[in-house]
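Notes follow the structure.
The model shown is predicted, which means the values in this text are computed figures rather than measured ones. Just so it is clear: chains get the letters A, B, ... in the order the sequence lines come, proteins before strands, and each one is counted from 1.
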Amino acid sequence: MARRYWLMKTEPGTFSIDDLARRPGGRAFWDGVRNYQARNLLRDEVRPGDGVLVYHSGIPDPAVVGTAVVVGPATPDPTQFDRRSPYHDPGADPGAPRWYGVEIALETVFARPVTLETLRATPGLEGMVVLRRGNRLSVSPVRPEEWSIIVARGA
DNA sequence: GCCAACGTTGGC
DNA sequence: GCCAACGTTGGC
């Protein structure tokens with residue numbers, strides 16, 4: 001199957017691309033996804049080798065700040081069973097996990113973050129899911145052309 | 001801090 | 001199964 005591309009949101013106050021860069025090998029388990037549509041993408045569509053646009057949300061200038069690569073298949077997110085985790089889900093059953101995550105590895109930190117404002121203003125990106133009004137998907141698909149445009153602007 | 005948008009929950 | 005209430009996301 002051809003390599004596919006995704007945009008994953010994170011609040012940098014919780015986990016930023018710099019936090020990712022500080023991990024050994026730039027690797028981290030992308031956890032805490034608690035939305036069924038995003039979960040389904042992670043579990044059923046995202047594959048090792050796929051490209052990830054890392055997006056910082058909840059800040060004055062939300063932006064794509066770099067890229068990563070998916071390095072493992074979706075596996076159950078352990079935080080759902082962890083009572084002390086902010087992502088704990090009392091309804092999750094260890095016999096039938098509800099939430100999944102994937103391991104990713106940092107590829108590039110953009111020299112120039114590609115801001116939401118730029119995304120909106122750039123021809124060819126009009127159809128991006130992340131630009132849709134009221135969009136709340138924390139994992140969303142990215143077309144190859146969109147990936148190319150954004151990487152060319154940021155790297 | 002505000003609030004629109006949207007997903008989820010729960011009463012019926 | 002409907003839908004109002006509620007909680008959360010996320011841009012502004």
Side-chain angles (χ1 to χ4, degrees), chain A residues 4-23 28-46 50-70 74-104 106-143 145-155:
Chain A
R4 288 194 285 183
Y5 304 95
W6 310 95
L7 181 144
M8 299 192 191
K9 293 180 189 173
T10 183
E11 297 196 14
T14 302
F15 189 79
S16 71
I17 197 163
D18 293 326
D19 294 324
L20 180 60
R22 281 192 282 271
R23 297 292 183 89
F29 185 72
W30 199 265
D31 60 15
V33 172
R34 294 293 182 271
N35 166 285
Y36 286 103
Q37 210 181 333
R39 185 281 309 271
N40 292 345
L41 290 174
L42 277 182
R43 189 191 56 190
D44 306 333
E45 308 288 338
V46 176
D50 286 358
V52 176
L53 295 174
V54 179
Y55 179 88
H56 281 175
S57 65
I59 53 174
D61 257 326
V64 178
V65 291
T67 66
V69 60
V70 177
T75 55
D77 178 350
T79 63
Q80 69 194 298
F81 307 121
D82 180 355
R83 255 179 241 285
R84 288 170 317 238
S85 168
Y87 304 127
H88 179 242
D89 180 352
D93 171 8
R98 180 178 288 174
W99 306 113
Y100 287 76
V102 293
E103 185 89 5
I104 67 168
L106 181 67
E107 280 190 329
T108 60
V109 178
F110 284 171
R112 286 157 293 144
V114 182
T115 63
L116 179 60
E117 189 184 7
T118 298
L119 295 178
R120 290 196 192 285
T122 302
L125 302 183
E126 301 86 355
M128 287 192 75
V129 175
V130 73
L131 300 184
R132 282 187 206 153
R133 208 166 124 76
N135 161 68
R136 297 170 58 178
L137 257 193
S138 58
V139 177
S140 62
V142 173
R143 297 194 192 98
E145 318 84 73
E146 294 163 346
W147 170 272
S148 301
I149 292 168
I150 293 167
V151 168
R153 276 194 164 266

Query raised in the report: Closer than 4.0 Å, any side-chain N/O of A:Lys9 to the OP1 or OP2 of C:dG10?
Result: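 It does, given that an N or O in the side chain of A:Lys9 lies less than 4.0 Å from OP1 or OP2 of C:dG10.
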Nearest-nucleotide pick for [X], side chain only, options being [options]:
X: A:Ser57; options: B:dT8, B:dG7, C:dG11; result: C:dG11
X: A:Leu116; options: B:dT8, B:dG7, C:dC12; result: C:dC12
X: A:Arg136; options: C:dC12, B:dC6, B:dG7; result: B:dC6

Please report the distance, rounded to the nearest Å, between [atom1] in [X] and [atom2] in [N].
X: A:Asn135; N: C:dG11; atom1: CG; atom2: P; value: 9 Å
X: A:Leu131; N: C:dG10; atom1: CG; atom2: P; value: 14 Å
X: A:His56; N: C:dT9; atom1: NE2; atom2: P; value: 17 Å
X: A:Asn35; N: C:dT9; atom1: CG; atom2: P; value: 10 Å
X: A:Leu119; N: C:dG11; atom1: CG; atom2: P; value: 11 Å
X: A:Tyr55; N: C:dG11; atom1: OH; atom2: P; value: 4 Å
X: A:Tyr87; N: C:dG7; atom1: OH; atom2: C1'; value: 16 Å
X: A:Arg39; N: B:dG7; atom1: CZ; atom2: P; value: 15 Å

Query raised in the report: At under 4.0 Å between heavy atoms, what does A:Ile59 touch on the DNA or RNA strands: base, sugar-phosphate, or nothing?
Result: nothing
Query raised in the report: Do NZ/NE/NH1/NH2 and the carboxylate oxygens of A:Asp77 and A:Arg34 come within less than 4.0 Å?
Result: yes
Requested in this report: Measure across A:Ala28 and A:Leu20 and return the closest heavy-atom pair with its distance rounded to 0.1 Å.
Outcome: CB-CD1, 3.6 Å
Query raised in the report: Judged by modelled atom types alone, do A:Ser16 and A:Asp19 share a side-chain donor-acceptor pair under 3.5 Å?
Result: yes
Query raised in the report: With under 30° as parallel and over 60° as perpendicular, where do the rings of A:Trp30 and A:Phe15 fit, or are they tilted in between?
Result: perpendicular
